[in-house]
Amino acid sequence: LCISSSTLTHGGDSSTSTSSDGALGVVDLNPPRGTRDFPPEDMRLRTWLFDNFREVSRTMAFEEVDFPVLESEALFIRKAGEEITQQLYNFEDKGGRRVVLRPEITPSLARLVIKQGKSVSLPLKWFTIGQCWRYERMTRGRRREHYQWNMDIFGMPKVRAEAELIQAIVLLFERLGITSSDVGIRLSSRKVLQAVLNMYSIPEHLFAQVCVIVDKLGKLSREEIEKELISTGLSSEAVQGIIEVLSLKSLSKLEEVLGSDVEAVADLKKLFSFAEQYGYADWICFDASVVRGLAYYTGVVFEAFDRKGELRAICGGGRYDKLLSTFGSEDVPACGFGFGDAVIVELLKEKGLLPDLSRQIDDIVFPLDEELEGPASSVASSLRKKGRSVDLAEDKRLKWVFKHAERINASRLILVGKSEWERGMVRVKILSTREEFEVKACDLE
Ligand SMILES: OCc1cccc(Br)n1
């Protein structure tokens, strides 16, 4: 396929095309800024990753659900200053409706749970893999879309839900060959921050905003965090108290500071005990600085990180017991995580764990001359009906067919020749051993 690039457009590749009035135009061959094509090799890797997401979801007895990528903007209007709501890919459709390309999937899950109402029995465990979008000024050249595996449990008020979700994450890592020496899961609870805010009598309405700010710990300087916290109206004493507690990395220290009757401590101790029973204790660690950046979390929060500290969070999630009431429904306890398709691939590359996913097919059927195209079609058709992946080659020289077979890793070459066909036979070549033999066409499988 030869594409003449007449003029380079801003995207790089280009080709000439004619519009309806025949005027020469230039089509940019790149996908829109911040988005990706998935040519076959990339699509095989994506399919392999998603198949692992699906297999873990199956073993955890989750049901698959799906939603439109397009959602009402109203689902994502939140006032806590989250990055995700400040970068909405939002617009007005031709009907004057305010819509978005969804930036996350949890609100859609919540919407459907509310809509299903009494027709679903709780607890319910749903998963989906879907594309999510953000509109970020391309100053940082970051992607505007990614695919996220979401696992959510509704109607499980105790930390059993968090324990189940963390097992799903660990099972996924183990399936991909990642160990607890490569990756850890940091966890805490927003009830820790809630307890600190109560100690300083900070009003409830500031909770979400404070969480979003302290989630930037490690990304912004301590001074910048303090400045943002002060700007919400917190006293400098409260700011210091928050930062001091959030720097704790030991649950027993936390217990000393907050007391053992605080819900956060009880929840986390229970979760660590579950971790021993599930067998993933060496994957998790307490870290009070984990708050995650979404406003609606209300309890345990967690995120997986590469222990070398070179990458962004691999996945993250938490409990969100009060999201449904923000949509006008009565609350249902809920907990979930999102697992993106980008950082995990960077980690697998870095660890040398990307699988060999070269193309592979079972058979190439090749008519040795034109009058055998019909018989070759019936041979290919009968093999396909038996489940073989079959490529039907024709109008080629035999030399090309052998090269093609090598290129697509075919197991067998089925040659349909005149003299053999007249005896009801075809010639089979096993490409790995070069073994060659005749077989009755009707016995081929
Ligand atoms: O993780 C935040 C996010 C949301 C939508 C799209 C992309 Br890329 N990233």
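These numbers come from the heavy atoms of this one structure, side chains and all, not from hydrogens, waters or symmetry mates. Counting convention: from 1, in listed order, for ligands and their atoms alike.
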Inventory of protein N or O atoms under 3.5 Å from ligand 1 N or O:
residue	atom	partner	partner atom	Å
ligand 1	9 (N)	R134	NH1	3.4

Side chain to side chain donor-acceptor pair (under 3.5 Å) partners of E55, counting only residues at least two apart: R58

side-chain contact (heavy atoms from CB on, under 4.5 Å) partner of I364, chosen from I408, L392, I414: I408

Donor + acceptor pair across side chains of D362, S411 (<3.5 Å): no

Nearest-0.5 Å distance that lies between atom CD1 in I243 and atom CD in E226: 4.5 Å

Heavy-atom donor-acceptor pair, E145 side chain to R36 backbone, under 3.5 Å: yes

Aromatic ring pairing F50/Y147, orientation class (parallel under 30°, perpendicular over 60°, tilted between): tilted

